[in-house]
Amino acid sequence: MSNTLYKMELVDDLADKERHMQWTSLAISHVEYQTGDWLGKFLALTSLCPLALVIAFVTLILFRRDLHTITFLCGTALNEAINWILKHLIKELRPCRGREILYSEYGMPSNHAQFMWFFATYMAFFLLIRLHHGNSTYPLENAWKYIVTVFIICVAAIVSYSRIYLQYHTWTQVLCGACLGIFLACIWFAITQFTLTPLFPIIAAWPISEFLMLRDTTLIPNVMWFEYTSHRTESRTRQRKLVSMKSQ
């Protein structure tokens, strides 16, 4: 009988603890929109772009090991750190204070706007200044660069607007985030182009870089074509050796 009472008290204690438990959401990807609002749903999906870009960054670095991509990611991380510091210094609340789940209660400057405009500005510089595909002067040769640049800028603008439409930020918070992201992207691209890029060959020659298979592709005008032709040549060479060994 005493054993049964003990078990019942234990169950009651566990139930009481569960009632008083407080759960916190890891709301990095949590975005709310009004039920039935298809535009809100679309904008909520576009606001997940920063998370998708971070995953793409990590995947690209793991498979390509390019120093410039690593530098780009470092600049993005620095941009995020500056945003976090400014948010906790300014401490301006978001317009949606009534919501229970928020990644951060502070909204100045907008993290999404700053991230996307940093990415869009840096990519525009990269495509139009740094990326060279031979010495061709034909306009159609570089038309895709302008198309991609315009597309990235449009995505950044849509993501920024989504934060206002979904009432996560005010216009001021979004505009400040966008301006700060553009400014930091200009600074970081200049540092990368004129200070870090000349150091890439030295860094690539370090033993640790060779162990990690890090590489510098700055001087290769068309990396995709270079890799394609290199792989094709190596494959044909090995195929000829295999045929020669079989014939013997």
Side-chain angles (χ1 to χ4, degrees), residues 28-29 45-84 111-134 141-160 181-182 184-235:
I28 295 175
S29 61
L45 290 172
T46 59
S47 67
L48 299 178
C49 282
L51 184 61
L53 288 173
V54 170
I55 295 172
F57 262 129
V58 175
T59 304
L60 198 61
I61 289 172
L62 288 176
F63 283 94
R64 298 191 61 83
R65 315 292 179 96
D66 179 55
L67 286 171
H68 184 262
T69 308
I70 296 173
T71 304
F72 191 180
L73 179 60
C74 291
T76 306
L78 179 62
N79 177 63
E80 290 295 290
I82 292 173
N83 179 273
W84 186 89
N111 175 268
H112 280 70
Q114 186 173 329
F115 182 100
M116 289 305 301
W117 284 102
F118 178 92
F119 178 83
T121 305
Y122 193 99
M123 280 300 298
F125 283 132
F126 174 77
L127 290 170
L128 302 178
I129 297 176
R130 189 180 176 98
L131 189 63
H132 301 289
H133 283 256
E141 259 323 285
N142 296 319
W144 69 271
K145 295 183 183 180
Y146 298 102
I147 295 172
V148 173
T149 300
V150 171
F151 174 76
I152 294 172
I153 291 173
C154 289
V155 171
I158 293 171
V159 172
S160 300
I182 293 171
L184 291 175
C186 294
I187 297 296
W188 189 249
F189 183 83
I191 293 173
T192 302
Q193 184 76 358
F194 301 111
T195 303
L196 299 179
T197 299
L199 300 176
F200 284 169
I202 300 172
I203 297 172
W206 290 350
I208 185 64
S209 298
E210 293 181 359
F211 175 75
L212 296 174
M213 292 186 290
L214 303 181
R215 54 183 175 172
D216 173 30
T217 58
T218 306
L219 298 178
I220 301 175
N222 191 332
V223 177
M224 291 184 65
W225 178 252
F226 172 78
E227 290 181 348
Y228 170 73
T229 54
S230 299
H231 294 166
R232 184 179 61 182
T233 302
E234 181 66 19
S235 179

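In this text, all values refer to a predicted model and were calculated from it rather than measured experimentally.
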| said: Rounded to the nearest 0.5 Å, what separates atom CD1 in I55 from atom CG in L48? | reply: 9.5 Å
| task | For P50 and S47, work out which heavy atoms get closest and say how close. | result | CD-O, 3.4 Å
| message | Donor-acceptor check, side chain of T149 to backbone of K145, threshold 3.5 angstrom: yes or no? | response | yes
| said: Donor-acceptor pair, distance only, cut-off 3.5 Å: does the side chain of R215 make one with the backbone of R64? | reply: yes
| query | Quick one: are T71 and W188 in side-chain contact, heavy atoms under 4.5 Å? | reply | yes
| task | Please report the shortest heavy-atom distance between A204 and S209, naming the atom on each side. | result | O-CB, 3.7 Å
| Looking at residues at least two apart in the chain, or sitting in another chain, which of them share a ring pair (Phe, Tyr, Trp, His ring centres under 6.0 Å) with W206? | none
| How far does CD1 of I70 sit from CG of L73, to the nearest 0.5 angstrom? | 8.5 Å
| request: Hey, could you give me each pair passing side-chain hydrogen bond (donor to acceptor under 3.5 Å, both in side chains) that has a residue in residues 194-205? Not counting sequence neighbours. | output: R130-T197
| task | Please confirm whether the backbone N or O of V159 pairs with a side-chain atom of H112, one donor and one acceptor, at under 3.5 Å? | result | no
| So do the side chains of L128 and Y146 get within less than 4.5 Å of each other, counting heavy atoms only? | yes
| query | What ring-ring contact (aromatic ring centres under 6.0 Å, His included) pairs are there with at least one residue in residues 50-79, not counting sequence neighbours? | reply | F57-F72, H68-Y122, H68-F126, F72-F119, F72-Y122
| field | Side chain to side chain, L184 and Q114, heavy atoms closer than 4.5 Å | value | yes
| said: Quick check for you: to the nearest 0.5 Å, what is the distance between I152 atom CD1 and L127 atom CG? | reply: 5.5 Å
| field | From CH2 (W84) to CG (N111), nearest 0.5 Å | value | 12.5 Å
| note | Value for CD1 (I153) from OG1 (T121), rounded to nearest 0.5 Å, stands at 7.0 Å
| Side chains of I191 and L196: does their closest heavy-atom pair fall under 4.5 Å? | yes
| Shortest non-hydrogen separation from C186 to F125 and the atoms involved | SG-CE1, 3.7 Å
| query | Side chains of M123 and V148: does their closest heavy-atom pair fall under 4.5 Å? | reply | no
| request: Starting at CG of D216, measure out to CD1 of I202 and round the result to the nearest 0.5 Å. | output: 10.5 Å
